[in-house]
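One structure below.
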Amino acid sequence: VAIGAEDLPKLLAFAQQERPDFTVVGPDNPLAAGVVDLFEANGFKIWGPNKQAAQFEASKAFSQDFMERHGIPTAAAGTFSDVVAAKNFCAALGGKVIVFGSGGARNIPEGFPRNKAWDQLCAFLRKAGDIAKPHNITIAIEHLRRAETNVVNTVAEAVQLADDTAHPNVRIVVDFYHLRHENDTPDVLYKAQKHIVHLHIANPAGRVWPKLSDSEPMYKRFFQVIREINYRGGISIEAPNGRMINDAPDTLRFIAEMLG
């Protein structure tokens with residue numbers, strides 16, 4: 001169906017026409033925009049958190065503020081509107097890589113010239129790179145699946161943005177979850193290797209912690225390529241569905257097996 005995941009009025013009109021028995025929402029952005037509230041208000045059964053609850057995933061600032069307010073242990077974090085302050089905070093924590101993800105923030109508005117938006121992204125990244133350089137921090141462009149943003153969806157596009165930005169402190173992060181959702185192949189890492197500064201991984205089936213080598217057909221190839229390009233950077237588990245205390249031991253064994 002040619003309807004954007006965030007075009008709630010058209011999604012509702014489609015539902016009113018087709019009368020589905022039940023709707024399951026996958027992407028975060030329509031949840032944060034209130035698609036569950038809208039459908040329920042119009043008499044449709046739908047699965048997913050409402051707009052208020054969806055803020056925990058959609059807004060890291062909301063989540064952090066909630067946890068600090070209620071005394072829930074969490075990592076040090078900050079919310080900034082100034083790039084310099086954000087870089088200073090990262091440097092104070094000893095951080096070396098800042099991931100430029102932010103799918104919703106970098107979306108190109110409908111009707112806005114794509115080449116102009118691309119130039120704006122390059123200009124922003126050059127400015128961010130200049131600020132990061134004195135702190136020895138690298139900005140890592142993250143490719144995101146189309147369900148989360150309409151620009152930089154593949155590893156090749158992330159590499160192109162880094163090339164066009166042409167700043168020594170701007171490189172890319174490769175995310176296995178998004179790579180698989182865009183039907184990309186791990187072999188793209190060969191061409192991207194000089195740009196890669198960090199890796200993310202999650203099981204594409206449910207965005208859960210990866211644990212079993214045979215649960216995803218591209219795991220073995222992904223780690224084979226990592227070994228062949230002699231990658232020596234970090235790898236993060238970016239899997240919001242799970243609990244570290246329960247899942248981390250199996251995932252650590254999985255990664256050791258894959259890299260062994």
Side-chain angles (χ1 to χ4, degrees), residues 60-61 75-109 112-146 148-182 184-202 222 225-226 228-238:
K60 301 300 187 287
T79 304
F80 307 93
S81 58
D82 176 71
V83 177
V84 175
K87 298 297 186 302
N88 289 338
F89 179 81
C90 181
L93 295 177
K96 295 300 180 185
V97 176
I98 295 178
V99 176
F100 177 56
S102 307
R106 76 187 193 205
N107 260 340
I108 301 175
F112 192 86
R114 194 171 185 85
N115 59 338
K116 185 175 180 180
W118 191 266
D119 290 343
Q120 289 179 351
L121 286 172
C122 291
F124 167 78
L125 287 166
R126 289 188 198 105
K127 179 180 179 181
D130 285 343
I131 296 169
K133 190 173 181 178
H135 300 291
N136 195 29
I137 293 172
T138 299
I139 311 298
I141 302 165
E142 183 178 23
H143 57 103
L144 301 173
R145 60 186 183 141
R146 285 175 174 80
E148 297 184 27
T149 189
N150 60 10
V151 63
V152 192
N153 306 117
T154 66
V155 174
E157 289 172 329
V159 168
Q160 187 63 58
L161 183 57
D163 280 339
D164 290 348
T165 299
H167 193 290
N169 287 70
V170 176
R171 296 171 69 187
I172 76 168
V173 55
V174 172
D175 189 304
F176 182 81
Y177 172 82
H178 294 292
L179 180 146
R180 292 291 286 134
H181 272 273
E182 289 301 312
D184 230 338
T185 168
D187 287 6
V188 299
L189 273 68
Y190 288 120
K191 290 186 177 180
Q193 59 182 289
K194 70 175 183 178
H195 295 282
I196 301 171
V197 71
H198 197 71
L199 300 173
H200 285 167
I201 190 169
F222 183 71
V225 175
I226 288 173
E228 290 180 358
I229 66 175
N230 198 32
Y231 174 72
R232 289 293 182 267
I235 181 168
S236 300
I237 312 302
E238 195 177 42

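Only a predicted model underlies this, so the values are computations on that prediction, with no experimental measurement involved.
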Considering all heavy atoms, the nearest [X]-[Y] contact:
X      : Y      : answer
Thr149 : Gly103 : OG1-O, 3.1 Å
Asp164 : Cys122 : CB-SG, 3.7 Å
Asn136 : Lys96  : O-CD, 3.7 Å
Ala158 : Ile172 : O-CG2, 3.6 Å

Nearest 0.5 angstrom please: [X] [atom1] to [Y] [atom2], how far?
X      : Y      : atom1 : atom2 : answer
Leu161 : Trp118 : CG    : CH2   : 4.5 Å
Lys87  : Asp130 : NZ    : CG    : 10.5 Å
Glu148 : Glu142 : CD    : CD    : 8.0 Å
Asp187 : Glu228 : CG    : CD    : 8.5 Å
Ile226 : Arg232 : CD1   : CZ    : 11.0 Å
Asp119 : Arg114 : CG    : CZ    : 12.5 Å

Close side-chain approach of [X] and [Y], heavy atoms under 4.5 Å:
X      : Y      : answer
Leu179 : Leu189 : yes
His181 : Tyr177 : yes
Ile137 : Val97  : no
Arg171 : Ile196 : no
Tyr190 : Val225 : yes
Asp175 : Glu238 : yes
Phe100 : Leu121 : yes

Are any side-chain N or O atoms of [X] and backbone N or O atoms of [Y], one a donor and one an acceptor, separated by less than 3.5 Å?
X      : Y      : value
His135 : Asn88  : no
Asn153 : Leu144 : yes
Arg106 : Gly101 : yes
Asn150 : Asn107 : no

**Report entry** Residue from Val173, Val197, Ile98, Ile131 passing side-chain contact (heavy atoms from CB on, under 4.5 Å) with Ile139
**Finding:** Ile98
Give every donor-acceptor pair under 3.5 Å between a side-chain atom in residues 76-86 and any protein atom, sequence neighbours left out.
residue: Asp82; atom: OD2; partner: Val84; partner atom: N; Å: 3.2
residue: Asp82; atom: OD2; partner: Ala85; partner atom: N; Å: 2.8

Report task. Kindly assign one of parallel, tilted or perpendicular to the pair His200 and His198, based on the angle between their ring planes and the thresholds 30° and 60°. Result ->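 Correct class here is perpendicular.
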Requested in this report: Just say parallel, tilted or perpendicular for the rings of His178 and His143, cut-offs at 30° and 60°.
Outcome: perpendicular
Report task. Decide yes or no on side-chain contact (heavy atoms from CB on, under 4.5 Å) for Ile201 and Ile237, but give the supporting numbers first. Result -> CA-CA 5 Å; Ile201 190 169; Ile237 312 302; 3.6 Å; yes
